Amino acid sequence: MQLSRKIEKLFSFEDVESLWEHVCRWTHPVNTRRILATLDQAEFAKLRERCPYRPNARRINRYENAAYWIGVNVKRAQDLWLDRAPPLRILDLGCGAGYFLYVCRYLGHQGLGLDTDDEPLFRGATDLLGVRRVISRIHPQVPLPDLREKFDLVTAHRVCFHRIDRAADDDWNEWKPPDWKFFIDDVRARFLRPDGRLLLEFNPRRDGSSFFTPELRALFLAQGARIFRSKALFAADPTQRPRFKQIKK
(Lines give C-alpha, C1' and ligand atoms only; values in the text may rest on other atoms or scores of the structure.)
Protein backbone atom coordinates (compact mmCIF):
# COMPACT_ATOMS: atom_id res chain seq x y z
CA MET A 1 0.00 0.00 0.00
CA GLN A 2 1.40 3.41 -0.97
CA LEU A 3 2.31 5.87 1.78
CA SER A 4 -0.28 8.37 0.54
CA ARG A 5 -2.99 5.71 0.76
CA LYS A 6 -1.90 4.80 4.29
CA ILE A 7 -2.06 8.44 5.36
CA GLU A 8 -5.48 8.84 3.73
CA LYS A 9 -6.77 5.77 5.56
CA LEU A 10 -5.24 6.91 8.85
CA PHE A 11 -7.02 10.23 8.75
CA SER A 12 -10.23 9.18 7.01
CA PHE A 13 -13.52 10.51 8.35
CA GLU A 14 -14.74 6.93 8.80
CA ASP A 15 -11.82 6.18 11.12
CA VAL A 16 -12.61 9.29 13.16
CA GLU A 17 -16.21 8.12 13.48
CA SER A 18 -15.01 4.66 14.54
CA LEU A 19 -12.75 6.20 17.18
CA TRP A 20 -15.68 8.23 18.52
CA GLU A 21 -17.76 5.06 18.90
CA HIS A 22 -14.93 3.38 20.81
CA VAL A 23 -14.56 6.37 23.14
CA CYS A 24 -18.29 6.42 23.90
CA ARG A 25 -18.25 2.72 24.75
CA TRP A 26 -15.12 3.02 26.86
CA THR A 27 -16.58 5.81 28.99
CA HIS A 28 -19.68 3.70 29.79
CA PRO A 29 -18.48 0.07 29.89
CA VAL A 30 -20.79 -2.95 30.00
CA ASN A 31 -19.48 -6.12 31.62
CA THR A 32 -19.74 -8.72 28.87
CA ARG A 33 -18.53 -11.50 31.16
CA ARG A 34 -21.50 -11.04 33.45
CA ILE A 35 -23.85 -11.49 30.50
CA LEU A 36 -21.98 -14.59 29.34
CA ALA A 37 -22.22 -16.02 32.84
CA THR A 38 -26.00 -16.10 32.47
CA LEU A 39 -25.75 -18.51 29.51
CA ASP A 40 -25.66 -22.30 29.72
CA GLN A 41 -22.46 -22.99 27.79
CA ALA A 42 -23.03 -26.76 27.92
CA GLU A 43 -26.35 -26.35 26.15
CA PHE A 44 -24.73 -24.22 23.45
CA ALA A 45 -22.17 -26.99 22.93
CA LYS A 46 -25.00 -29.49 22.51
CA LEU A 47 -26.63 -27.14 20.01
CA ARG A 48 -23.57 -27.36 17.79
CA GLU A 49 -23.73 -31.16 17.99
CA ARG A 50 -27.37 -31.06 16.89
CA CYS A 51 -26.63 -28.56 14.11
CA PRO A 52 -23.32 -29.69 12.58
CA TYR A 53 -21.61 -27.76 9.83
CA ARG A 54 -23.09 -28.60 6.47
CA PRO A 55 -21.19 -28.90 3.17
CA ASN A 56 -21.00 -25.48 1.49
CA ALA A 57 -22.89 -23.92 4.41
CA ARG A 58 -22.77 -20.18 4.82
CA ARG A 59 -20.57 -18.74 7.54
CA ILE A 60 -23.81 -18.15 9.39
CA ASN A 61 -23.00 -21.36 11.28
CA ARG A 62 -20.45 -19.57 13.44
CA TYR A 63 -23.32 -18.03 15.37
CA GLU A 64 -23.01 -20.68 18.04
CA ASN A 65 -19.96 -18.72 19.29
CA ALA A 66 -21.87 -17.00 22.09
CA ALA A 67 -18.83 -15.24 23.56
CA TYR A 68 -18.05 -13.50 20.28
CA TRP A 69 -21.62 -12.51 19.42
CA ILE A 70 -22.52 -11.32 22.88
CA GLY A 71 -19.54 -8.97 22.59
CA VAL A 72 -20.66 -7.73 19.18
CA ASN A 73 -24.19 -7.07 20.38
CA VAL A 74 -23.10 -5.34 23.57
CA LYS A 75 -21.37 -2.82 21.29
CA ARG A 76 -24.52 -2.46 19.20
CA ALA A 77 -26.55 -1.79 22.33
CA GLN A 78 -24.00 0.74 23.61
CA ASP A 79 -24.02 2.60 20.29
CA LEU A 80 -27.77 3.13 20.78
CA TRP A 81 -27.28 4.07 24.43
CA LEU A 82 -29.45 1.15 25.50
CA ASP A 83 -27.22 0.63 28.55
CA ARG A 84 -28.34 4.05 29.80
CA ALA A 85 -31.97 4.19 28.69
CA PRO A 86 -35.08 3.33 30.72
CA PRO A 87 -36.98 0.21 29.59
CA LEU A 88 -37.82 0.25 25.90
CA ARG A 89 -39.88 -2.01 23.66
CA ILE A 90 -37.66 -3.24 20.80
CA LEU A 91 -38.38 -5.06 17.52
CA ASP A 92 -35.36 -6.67 15.85
CA LEU A 93 -35.84 -7.49 12.16
CA GLY A 94 -33.71 -10.41 11.01
CA CYS A 95 -33.01 -11.29 14.64
CA GLY A 96 -30.94 -14.37 13.75
CA ALA A 97 -29.75 -16.25 16.80
CA GLY A 98 -31.26 -13.63 19.10
CA TYR A 99 -28.12 -12.30 20.80
CA PHE A 100 -29.02 -8.64 20.38
CA LEU A 101 -32.41 -9.07 22.02
CA TYR A 102 -30.85 -11.15 24.79
CA VAL A 103 -28.39 -8.34 25.55
CA CYS A 104 -31.26 -5.83 25.45
CA ARG A 105 -33.22 -7.91 27.96
CA TYR A 106 -30.19 -8.06 30.25
CA LEU A 107 -30.12 -4.25 30.09
CA GLY A 108 -33.77 -4.05 31.15
CA HIS A 109 -35.61 -3.84 27.82
CA GLN A 110 -38.29 -6.03 26.24
CA GLY A 111 -37.93 -7.33 22.74
CA LEU A 112 -39.45 -9.28 19.90
CA GLY A 113 -37.63 -10.73 16.91
CA LEU A 114 -38.74 -11.32 13.35
CA ASP A 115 -36.96 -13.73 11.01
CA THR A 116 -37.34 -16.73 8.75
CA ASP A 117 -37.09 -20.25 10.13
CA ASP A 118 -34.55 -21.55 7.62
CA GLU A 119 -31.64 -22.06 10.03
CA PRO A 120 -31.96 -24.81 12.68
CA LEU A 121 -29.11 -23.16 14.57
CA PHE A 122 -31.07 -19.93 14.92
CA ARG A 123 -34.14 -21.83 16.04
CA GLY A 124 -32.15 -23.62 18.73
CA ALA A 125 -30.28 -20.50 19.85
CA THR A 126 -33.39 -18.37 20.24
CA ASP A 127 -34.97 -21.18 22.27
CA LEU A 128 -31.93 -21.33 24.55
CA LEU A 129 -31.90 -17.57 24.96
CA GLY A 130 -35.63 -17.33 25.53
CA VAL A 131 -36.01 -14.83 22.70
CA ARG A 132 -39.52 -14.47 21.29
CA ARG A 133 -39.75 -14.21 17.53
CA VAL A 134 -42.29 -14.06 14.74
CA ILE A 135 -41.59 -16.17 11.67
CA SER A 136 -41.89 -14.11 8.51
CA ARG A 137 -40.04 -12.99 5.41
CA ILE A 138 -39.59 -9.39 4.36
CA HIS A 139 -40.48 -8.78 0.72
CA PRO A 140 -40.22 -5.58 -1.35
CA GLN A 141 -43.36 -3.44 -1.20
CA VAL A 142 -45.20 -5.94 1.01
CA PRO A 143 -46.29 -4.79 4.49
CA LEU A 144 -44.69 -6.48 7.47
CA PRO A 145 -46.98 -8.84 9.43
CA ASP A 146 -49.34 -7.22 11.88
CA LEU A 147 -47.74 -7.48 15.33
CA ARG A 148 -50.54 -5.53 17.05
CA GLU A 149 -48.17 -3.23 18.92
CA LYS A 150 -45.75 -0.38 18.43
CA PHE A 151 -42.15 -0.05 19.52
CA ASP A 152 -39.70 2.51 20.84
CA LEU A 153 -36.98 1.08 18.62
CA VAL A 154 -36.94 -1.08 15.49
CA THR A 155 -33.55 -2.46 14.48
CA ALA A 156 -32.08 -4.47 11.62
CA HIS A 157 -28.39 -5.40 11.82
CA ARG A 158 -26.31 -6.62 8.88
CA VAL A 159 -29.36 -6.18 6.68
CA CYS A 160 -29.76 -8.75 3.91
CA PHE A 161 -33.52 -8.86 3.35
CA HIS A 162 -33.06 -6.29 0.57
CA ARG A 163 -31.31 -8.92 -1.57
CA ILE A 164 -33.74 -10.36 -4.12
CA ASP A 165 -31.67 -12.87 -6.11
CA ARG A 166 -28.26 -13.37 -7.67
CA ALA A 167 -27.36 -11.29 -10.70
CA ALA A 168 -25.46 -12.63 -13.71
CA ASP A 169 -22.13 -11.43 -12.26
CA ASP A 170 -22.85 -13.32 -9.00
CA ASP A 171 -23.59 -10.06 -7.23
CA TRP A 172 -27.03 -9.33 -5.80
CA ASN A 173 -30.11 -7.77 -7.33
CA GLU A 174 -31.33 -5.45 -4.58
CA TRP A 175 -34.27 -3.32 -3.60
CA LYS A 176 -34.68 -0.08 -5.48
CA PRO A 177 -35.32 3.29 -3.78
CA PRO A 178 -39.14 2.92 -4.08
CA ASP A 179 -38.89 -0.41 -2.22
CA TRP A 180 -36.96 1.22 0.61
CA LYS A 181 -39.43 4.10 0.71
CA PHE A 182 -42.32 1.64 1.09
CA PHE A 183 -40.50 -0.24 3.86
CA ILE A 184 -39.61 2.88 5.85
CA ASP A 185 -43.15 4.26 5.52
CA ASP A 186 -44.61 0.93 6.67
CA VAL A 187 -42.38 0.77 9.76
CA ARG A 188 -43.12 4.38 10.65
CA ALA A 189 -46.86 4.09 10.22
CA ARG A 190 -47.47 0.75 11.94
CA PHE A 191 -44.56 -0.05 14.25
CA LEU A 192 -42.99 3.10 15.67
CA ARG A 193 -44.29 5.05 18.63
CA PRO A 194 -44.29 8.85 18.20
CA ASP A 195 -40.75 9.17 19.60
CA GLY A 196 -39.55 5.86 18.15
CA ARG A 197 -36.51 5.21 15.99
CA LEU A 198 -35.61 2.84 13.14
CA LEU A 199 -31.99 1.69 12.83
CA LEU A 200 -30.68 -0.01 9.68
CA GLU A 201 -27.12 -1.31 9.73
CA PHE A 202 -25.55 -2.58 6.50
CA ASN A 203 -22.55 -4.58 5.38
CA PRO A 204 -20.10 -3.01 2.94
CA ARG A 205 -20.34 -4.17 -0.63
CA ARG A 206 -18.11 -6.89 -2.06
CA ASP A 207 -15.63 -4.33 -3.38
CA GLY A 208 -15.41 -2.73 0.08
CA SER A 209 -17.43 0.33 -0.87
CA SER A 210 -20.22 1.78 1.23
CA PHE A 211 -23.70 0.30 0.98
CA PHE A 212 -25.02 3.82 0.47
CA THR A 213 -25.01 4.48 -3.24
CA PRO A 214 -25.70 8.11 -4.20
CA GLU A 215 -29.33 7.22 -4.93
CA LEU A 216 -29.87 5.45 -1.61
CA ARG A 217 -28.07 8.13 0.35
CA ALA A 218 -30.27 10.79 -1.27
CA LEU A 219 -33.42 8.83 -0.46
CA PHE A 220 -32.45 8.17 3.15
CA LEU A 221 -31.45 11.78 3.74
CA ALA A 222 -34.74 12.94 2.22
CA GLN A 223 -36.44 10.70 4.80
CA GLY A 224 -34.61 12.51 7.60
CA ALA A 225 -32.03 9.80 8.21
CA ARG A 226 -28.88 10.35 10.19
CA ILE A 227 -26.18 8.32 8.40
CA PHE A 228 -23.22 7.26 10.50
CA ARG A 229 -20.68 4.87 8.99
CA SER A 230 -22.68 1.76 7.95
CA LYS A 231 -25.84 2.83 9.80
CA ALA A 232 -28.93 4.83 8.92
CA LEU A 233 -31.10 6.04 11.79
CA PHE A 234 -34.64 7.32 11.20
CA ALA A 235 -37.09 9.07 13.50
CA ALA A 236 -40.80 8.26 13.48
CA ASP A 237 -41.37 11.75 12.08
CA PRO A 238 -39.47 12.25 8.78
CA THR A 239 -39.13 15.96 9.52
CA GLN A 240 -37.10 15.24 12.67
CA ARG A 241 -33.44 14.32 12.90
CA PRO A 242 -32.97 11.32 15.23
CA ARG A 243 -30.09 10.90 17.64
CA PHE A 244 -28.15 7.80 18.63
CA LYS A 245 -27.77 9.38 22.05
CA GLN A 246 -31.43 9.46 22.93
CA ILE A 247 -32.73 8.84 26.44
CA LYS A 248 -36.47 8.34 26.59
CA LYS A 249 -38.10 10.39 29.36
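If you read the sequence from its start, that first residue is 1, and numbering goes on from there. Here the structure is a predicted model, which is why all the values come from computation and not from measurement.
- Remark: aromatic rings of Tyr99 and His157 are distant, center separation not under 6.0 Å.
- Looking at residues two or more places apart in sequence or on another chain, you find no side chain to side chain donor-acceptor pair (under 3.5 Å) involving Thr32.
- Paired with Arg217 under the rule side chain to side chain contact (heavy atoms under 4.5 Å, CB included), one option of Leu221, Leu219, Thr213 passes, and it is Leu221.
- Salt bridge Lys231/Asp79: present, at least one basic N to carboxylate O contact under 4.0 Å.
- Among the candidates Asp117, Thr116, Asp92, the single residue satisfying the side chain to side chain donor-acceptor pair (under 3.5 Å) test with Arg133 is Asp117.
- Using a 3.5 Å distance cut-off with no hydrogens or angles, the side chains of Gln78 and Asp83 do not pair a donor with an acceptor.
- Considering every non-hydrogen atom in both Arg197 and Leu80, the closest pair reads NH2-O, 3.9 Å.
- Aromatic ring centroids of Phe100 and Trp69 lie 6.0 Å or more apart.
- With 3.5 Å as the limit, one finds no donor-acceptor pair spanning the side chains of Tyr102 and Thr126.
- A salt bridge links Lys181 and Asp185; the closest N-O separation between the charged side-chain nitrogens and carboxylate oxygens is under 4.0 Å.
- In plain terms, the two heavy atoms of Lys150 and Ala189 that are nearest each other are NZ-O, 3.2 Å.
- Taking the six-membered ring wherever Trp is involved, the centroid distance between the rings of Phe212 and Trp180 does not fall below 6.0 Å.
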